Each structure stands twice: as structure tokens, then as C-alpha cells.
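These notes concern the structure reproduced below.
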Amino acid sequence: MSLMPTFADMRILACYAVVAAGLALIGRALPGRVDMPDRGLIAGWGIVSIVFTAGGVLGIPFFALAAAFFLGVGGALIRVARIGRPIDRLAIAVLFCLVPFLVVAATKQPSQTDEFMHWLPNAAYLFDNHAFPAIDRPPSASFFPAFPYNLPFITYLVSALAGGLAEQALVLFNVTLCGVLALLSAEAIRKLTASGVAMIRRPVVTAAVFLLLVTLLNPTFVPKIVLTNYADFATGICLALAAYLLVDLMHRIEAGADVRATALYLGLVMAALVNTKEANIVLTGLLAIGAITVAVLSGRLTVVRLLRFLPIWLGPAIGLYAVWRWYVAVQMGGRGENKLHAITDWQIDALPEILFNIAIVFTKKSGYTVLCVIALALALVGLVKRKRDGLTRLAQIFAVVFLGYLLFLIFTYVALFVGDTGRNIQSFWRYQTQLGPLALIIAAVFLSDKLLALWHRFDDRITATVSGAVVTLVLAAPVAFAPKLRFDLEPPKPELAEIGRNLAQLLPSDAVITLVTPFAVDEEMQVHFRAWAPGRTIHMKPHEPPEPFTDAADESFVFLYCAPVDVQERIGLALPADAAVLLRRESEAWKLVEYWPRRAKATDGADSAACGTQS
């Protein structure tokens with residue numbers, strides 16, 4: 001693996017660009033809505049999610065649905081050309097500024113636990129079988145094959161063009177969503193502030209400023225979340241866009257405008273949101289509750305008309321979720337997803353510890369906490385003073401979502417993630433980043449008038465110099481920070497990825513193999529995913545000297561990342577020093593099948609602890 005993009009990387013990037021442009025064109029072809037903050041990308045994704053989920057449930061092969069998608073893109077292109085949209089200078093500028101980031105992202109390889117546990121295996125299953133998993137179909141390598149497939153659909157479409165599994169597709173999509181968040185932030189400031197109308201004069205500078213805001217200046221921009229196949233960043237963008245559109249819908253209702261196009265646009269965004277992650281039905285419901293609450297505070301006309309159009313703006317999401325839940329229950333036997341524990345097993349006694357750990361997270365993540373405090377304060381002030389402006393409504397929707405989601409997460413740590421996982425509030429920060437984009441937009445709108453007034457006090461030469469510096473920073477930062485962004489190159493991840501690919505070639509299709517490594521789950525899952533093939537069973541076992549073979553003795557193959565002397569003595573086989581090895585059991589003896597000299601040391605203490613006795 002290298003920091004420099006290869007021809008294969010650029011080919012994947014080109015295929016992704018075609019799919020992303022196709023999604024945007026489909027979204028832009030919707031009737032009646034010219035000003036789309038996402039430029040149609042998420043709306044188009046919502047349409048694809050509905051069609052592909054319904055088609056997959058009905059048994060239509062995904063290659064046929066992919067063909068229909070590309071035909072639909074052609075039709076959307078013709079329609080958009082006939083409509084004659086004006087040139088979107090800001091969107092073009094954002095794309096221009098994103099090019100270096102996209103090129104760096106195209107070189108990124110998967111490296112995080114959940115990527116190998118379910119996100120990539122789910123996408124790989126679609127690509128290999130052109131169908132959803134089912135009881136009567138080949139088994140899936142995924143730990144959670146029943147998770148929703150809205151994001152794997154994008155990977156599938158890019159893979160269909162590329163002719164192989166496009167592992168970087170969702171990394172590229174997340175980078176593109178940074179551009180969507182920049183455009184949405186600019187749109188919110190333009191429409192919800194007094195001075196925002198005159199803001200967008202130099203598109204490249206404006207694009208650079210907002211991309212800087214949503215990346216380097218964003219306390220919830222975490223590369224190990226964004227530059228992965230994880231669904232958290234996409235969830236956050238959909239949530240922020242849906243909240244903004246709900247406020248816009250209420251404003252249009254009160255202005256007496258035709259709101260059907262806006263309601264449909266919002267409905268597609270909600271459909272994209274609801275089946276991006278298993279728990280997103282909670283966020284979707286909280287958005288609806290927040291919007292209805294704000295509408296009630298606004299008066300009878302607003303709430304009555306908002307509810308009248310509810311089947312349009314919420315119906316697609318509820319319908320999509322219901323169809324998928326039926327499929328999981330009937331065709332997948334209700335397996336392959338997280339399950340609540342019995343009430344008797346709920347760890348209610350752990351509540352004080354859970355709440356304390358949550359408080360610690362908010363203390364450590366002070367930037368995010370400040371954003372939340374700003375939004376919650378605006379919501380409270382607006383409630384007391386009965387304010388009905390757009391910023392207040394956005395903040396009040398955030399308040400409902402924030403408080404409701406916090407209660408939901410606390411519930412999961414009591415009833416779902418029982419044990420140390422719940423007590424230690426595993427992934428709580430990652431889940432909170434889903435609310436980050438909305439909180440960031442609210443804070444940006446709140447501070448924009450003051451910051452713009454301060455900006456205009458400076459001499460033109462100073463502002464020109466600063467503007468040039470910002471553009472240069474945004475263009476250069478992805479390249480300058482590439483070693484940090486490419487955390488997939490941290491040892492021993494690249495080495496294990498290569499070993500996993502070799503194992504896929506060496507092992508018979510019906511092999512049973514035990515992985516024995518001294519590392520965290522990330523690295524074990526890396527080998528697991530790379531080596532997996534239909535019909536193969538892989539058991540992962542932690543390396544716990546001095547008896548790492550205790551549970552592996554009856555397996556046909558064993559992979560050892562390093563073999564201490566005591567292991568060699570036990571199996572009666574001298575192994576290459578400081579090497580990863582593949583062993584096969586024949587009768588009562590072990591045979592060396594292949595070995596890989598270790599090129600790099602792991603960065604954790606487990607490596608030296610487990611391999612330090614190696615001669």
C-alpha cells in the first residue's frame with residue numbers, strides 16, 4: 001500500500017464519480033424544487049434506496065436494478081437538460097476544492113472493525129449474489145447481515161461499474177458528503193440570517209471557507225469515522241438536511257406556498273436516513289416529533305398543514321422501514337441483528353456508572369459540548385420568548401433529537417449492550433457525532449452575523465490574503481495530512497491485508513481455520529474478511545499464551561501471526577523466526593503450509609508481549 005494513488009484507485013474514483021453524478025441527476029430531476037442544498041445527491045440516494053430495497057425484497061436481481069439505475073440516469077440527464085438549470089457556481093467550486101481530498105480518499109483501504117464485521121461483508125454479499133441474504137441462500141460472512149442496505153447499495157453500484165468490490169466507495173461518498181454539509185451550511189446562513197444574502201460572491205473562497213468549517217474546524221469531524229465505510233457521517237448529514245427541510249417546509253406552509261415538492265424532497269431524505277443504520281428509525285421518529293412540536297408552538301395552521309402532508313414527508317421512510325423489517329422477520333428468520341436482552345438481564349444497577357461515563361465524554365469532547373449548549377440555549381430562549389424564526393425552530397428540533405437520542409442510548413446501554421460494553425458506553429462518542437452536523441449548522445448560523453461584521457472591518461488587502469490562504473489550506477491539507485488520514489497504513493494492517501488475500505488463495509473452499517493473533521479485533525477482522533469465501537468457516541481465537549492452541553487443536557488449519565517457543569515445542573514443529581505462519585493438521589501432526597516474514601512491528605504492546613520469546 002502507498003500514499004500515491006494507483007491506476008486501480010483512480011478507476012474506482014472514476015466509477016464512483018459516475019454513480020454520484022447519477023444520484024444527483026436523479027434527485028435534480030424531481031419536479032418543482034430548484035434550490036436543493038444537497039444538489040439532489042441525497043434525494044437521488046433516497047430514490048435508489050426505496051427502489052433497490054423493494055426490488056430486492058421482491059426477488060429482482062440487483063444487476064437488473066443496477067441496469068435500471070443507469071438507464072434512469074440517462075433519462076434524468078435528458079430531463080435536467082430540458083429544464084435548463086442555471087450553472088451552480090458554488091457547487092462547482094466545492095467540487096473543485098474537494099478534488100485533492102477525493103484523490104487521497106481513493107487510496108484508502110478498509111481498516112476498522114465494523115467495516116470487516118458487517119459493512120463490507122454486506123456489500124460483498126450483494127455483489128457476489130445480486131440478492132439480499134435469506135434463509136435459503138448462501139450464508140453471509142457478515143456478523144449482522146440484517147442491517148439495512150442503503151449504503152451498501154452505493155458500494156454495489158460502484159462495484160458493478162468497476163467489475164470488482166469497490167471497498168473505497170463509501171469513503172468517497174463520505175468525502176462528498178463533506179461537500180454537501182458545506183453547501184447546506186452556506187444555504188442555511190444565506191436563508192436564516194440578515195447578512196447571509198450578500199455572502200456568496202466569490203464561490204471558490206466561499207467553498208473553501210465552508211469546507212474548512214465542516215472539516216478541520218468541526219469538532220465532530222473524526223477521520224477514523226468519516227474515512228471509513230461506517231454509516232455515522234452519512235446519518236449525520238441526512239439528519240441535518242432533514243431538520244433544515246422541516247424548518248423550510250413550515251416556512252413555506254405559513255407563506256401559503258405550494259409545499260408538495262418540498263415535502264416529497266424531504267420524504268426522500270428521510271428514506272435515505274431511516275435505513276442507513278438499524279437504529280435510525282429512532283432518529284427519524286425524533287425528527288418527526290421535534291417538527292410536530294415546533295409546529296404546535298407555531299399555531300394551528302402550521303401544525304394542521306404539516307400533518308396533512310405527513311404521508312409525503314414521512315411516509316416513504318416508514319414504508320421503507322416496514323418493508324425491510326418484514327423481510328428480516330420472514331426471509332431471514334429474524335436473525336443477523338442486535339437483540340434486546342430479557343428484562344431480567346437489564347443492568348439497571350449500572351445506570352450511575354453509565355451516566356458518569358457519559359458525563360466524562362461530554363467533558364472531554366468540549367468542542368462538541370459547546371455546540372450542543374449553544375443549540376439548546378437557543379431552543380430554550382426561543383421557547384421562553386415565543387420566537388418563531390428559522391434558527392430557533394432548527395434549534396428546537398435539535399433539542400428534541402438530542403435529548404431523545406441521549407435517552408435512547410442510555411436505554412441501549414442498559415438493555416442491549418449488557419456487560420462491560422454497556423458500562424463503558426462503547427461507541428457513545430461515535431453515535432454523538434451523528435448529531436454534530438446539525439449542531440454545527442446551528443452554531444454557524446448563530447455566529448455568522450457577528451463573524452461577517454468582524455470580517456468586513458478588515459482592510460481589503462488583509463481579507464484577500466486570508467482568503468487566498470484559506471483556499472490554499474483546503475486544497476493542500478488533504479495531501480499534507482495524508483499520512484494521518486491514511487490510518488489504514490498503521491502496522492500491521494497492510495501486512496495482514498496481504499496475508500488475508502493470500503489465505504483466500506491457499507485455503508480450500510470448505511476450510512475451517514482458526515486465527516490466532518496477539519492484536520485487537522481490528523486486525524483479526526482484517527484477516528477474517530480478506531480470507532473469507534463462500535462455504536469457508538473461520539473461527540477467531542485470541543492469542544493468550546501459554547496455551548493458544550487449546551481450542552484450535554481440532555481445526556484443519558491454524559493461522560499464527562507469531563509462534564512463541566512454547567507453542568513450537570507443543571506442536572513439535574520448528575517454525576520460521578519472527579514470521580506469520582499457516583499450519584495444517586494432517587493426522588496427528590502439524591505441517592507448515594506457508595509463512596510470511598513480518599515486515600513491521602505492531603504499535604501496541606501486545607506484539608512484543610506475545611512475540612518477544614521468538615528466537
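All values below were derived from every heavy atom in this structure, side-chain atoms included, with hydrogens, water molecules and symmetry-related copies excluded. Note that the coordinates shown come from a computational prediction; the quantities given were computed from them, not determined experimentally.
In this structure, a donor-acceptor pair under 3.5 Å is absent between the side chains of Thr107 and Asp9. Checking Tyr327 against Thr53 by side-chain atom types alone, no donor-acceptor pair falls below 3.5 Å.
Residues Ala76 and Ala29 come closest through the heavy atom pair CB-CB, 4.0 Å. Of all the heavy atoms in Leu183 and Pro37, the pair that sits closest is CB-O, 3.4 Å. Shown here for Leu41 and Ala20, the closest heavy-atom pair between the two residues is CD1-O, 3.6 Å. The heavy-atom pair separating Ala263 from Leu249 by the smallest distance is N-CD1, 4.2 Å. Taking every heavy atom of both residues into account, Ala166 and Thr155 meet most closely at O-CG2, 3.5 Å. When all heavy atoms of Tyr431 and Tyr405 are compared, the pair lying nearest together is O-CE2, 3.7 Å.
Between the side chain of Ser140 and the backbone N or O of Pro145 there is no donor-acceptor pair closer than 3.5 Å. Between the side chain of Arg11 and the backbone N or O of Ala162, at least one donor-acceptor pair lies under 3.5 Å. No donor-acceptor pair closer than 3.5 Å links the side chain of Tyr230 to the backbone N or O of Trp119. Looking at Asn129, its side chain never comes within 3.5 Å of a backbone N or O of Pro138 through a donor-acceptor pair. A donor-acceptor pair under 3.5 Å links the side-chain atoms of Asp488 to the main chain of Gln109, judged by distance alone. With Gln434 contributing its side chain and Asp232 its backbone, the two residues share no donor-acceptor pair below 3.5 Å. Side-chain N or O atoms of Glu115 include one that pairs as donor or acceptor with a backbone N or O of Ser111 at under 3.5 Å. Judged by distance alone, the side chain of Asn218 and the main-chain N or O of Thr215 form no donor-acceptor pair under 3.5 Å. Looking at Lys493, its side chain never comes within 3.5 Å of a backbone N or O of Pro110 through a donor-acceptor pair. Listed for the Trp45 side chain is a donor-acceptor partner under 3.5 Å among the backbone atoms of Asn150.
The distance from the CE atom of Met36 to the CG atom of Asp38 is 5.5 Å, given to the nearest 0.5 Å. Atoms SG and CG, from Cys238 and Leu268 in turn, are 11.0 Å apart once rounded to the nearest 0.5 Å. Atoms CD1 and CZ, from Ile225 and Arg430 in turn, are 6.5 Å apart once rounded to the nearest 0.5 Å. Distance check, rounded to the nearest 0.5 Å: CG of Leu23 to CG of Leu157 gives 7.0 Å. Atoms NE2 and OG1, from His341 and Thr344 in turn, are 10.5 Å apart once rounded to the nearest 0.5 Å. The distance from the CG atom of Asn275 to the CD1 atom of Ile281 is 8.5 Å, given to the nearest 0.5 Å.
Put simply, the residue from Thr293, Leu286, Val247 that forms a side chain to side chain contact (heavy atoms under 4.5 Å, CB included) with Ile397 is Val247.
Ion pair Arg335/Glu337 not flagged as a salt bridge, since none of the NZ, NE, NH1 or NH2 atoms sits closer than 4.0 Å to an Asp/Glu carboxylate oxygen.
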> Ile237 and Leu184: side-chain contact (heavy atoms from CB on, under 4.5 Å), yes or no, with the steps?
Replying inline: CA-CA 9 Å; Ile237 303 305; Leu184 177 57; 5.8 Å; no

>> Applying side-chain contact (heavy atoms from CB on, under 4.5 Å) to Leu273 and Leu287, what does each step give before you reach the verdict?
In response: CA-CA 11 Å; Leu273 170 65; Leu287 275 174; 3.7 Å; yes

>> As a quick check of understanding, evaluate ring pair (Phe, Tyr, Trp, His ring centres under 6.0 Å) for Tyr149 and Phe132, giving each step before the final call.
In response: CA-CA 9 Å; Tyr149 282 76; Phe132 288 131; 5.2 Å; yes

> Where do Glu187 and Arg39 land on the salt bridge (charged side-chain N to carboxylate O under 4.0 Å, His left out) test, with the steps shown first?
Replying inline: CA-CA 11 Å; Glu187 178 79 1; Arg39 304 316 191 257; 5.1 Å; no

>> Checking Val274 against Leu283 for the side-chain contact (heavy atoms from CB on, under 4.5 Å) test, could you report, in this order, the C-alpha distance in whole Å, the side-chain angles of both residues, the deciding distance, and whether it holds?
In response: CA-CA 8 Å; Val274 74; Leu283 291 172; over 6 Å; no

> Please walk me through it: do Phe417 and Gln426 pass side-chain contact (heavy atoms from CB on, under 4.5 Å)?
Replying inline: CA-CA 8 Å; Phe417 302 113; Gln426 179 175 295; 5.7 Å; no

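Here the side chains of Pro148 and Thr276 are not in contact, with every heavy-atom distance at 4.5 Å or above. The shortest distance between side-chain heavy atoms of Thr433 and Phe221 does not fall below 4.5 Å. Counting only heavy atoms from C-beta outward, the side chains of Leu98 and Phe101 approach each other to under 4.5 Å. A 4.5 Å side-chain heavy-atom check between Leu435 and Thr220 finds every atom pair outside the cut-off. The closest side-chain heavy-atom distance from Val175 to Leu227 is below 4.5 Å. By the 4.5 Å heavy-atom criterion applied to side chains, Arg252 and Asp248 are counted as neighbours. Side chains of Phe428 and Tyr413 form a contact here, defined as non-hydrogen atoms less than 4.5 Å apart. Side-chain contact between Asn229 and Leu151 is absent, with no heavy atoms from C-beta onward closer than 4.5 Å.
Crowding of Arg260 atom CZ: a count of heavy atoms from other residues, nucleotides or ligands under 6.0 Å not exceeding 12.
For Arg79, the salt bridge (Lys or Arg N to Asp or Glu O under 4.0 Å) test picks out no residue, with sequence neighbours left out.
Ring geometry, Phe398 versus Phe402: the interplanar angle falls under 30°, so the pair is classed parallel (tilted spans 30 to 60°). The aromatic rings of Phe144 and His118 lie perpendicular to each other, with more than 60° between the two planes, well past the 30° mark. The aromatic rings of Phe153 and Phe62 lie tilted to each other, with the angle between the two planes from 30° to 60°. Ring-plane geometry between Phe127 and His130 is classed as tilted, the angle between the planes lying from 30 to 60 degrees on a 0 to 90 degree scale.
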Validation: residues 301-324 side-chain donor-acceptor distances under 3.5 Å, sequence neighbours left out:
from   : atom 1 : to     : atom 2 : distance (Å)
Thr302 : OG1    : Glu254 : OE2    : 2.8
Trp313 : NE1    : Leu306 : O      : 3.0
Trp324 : NE1    : Ala146 : O      : 3.0

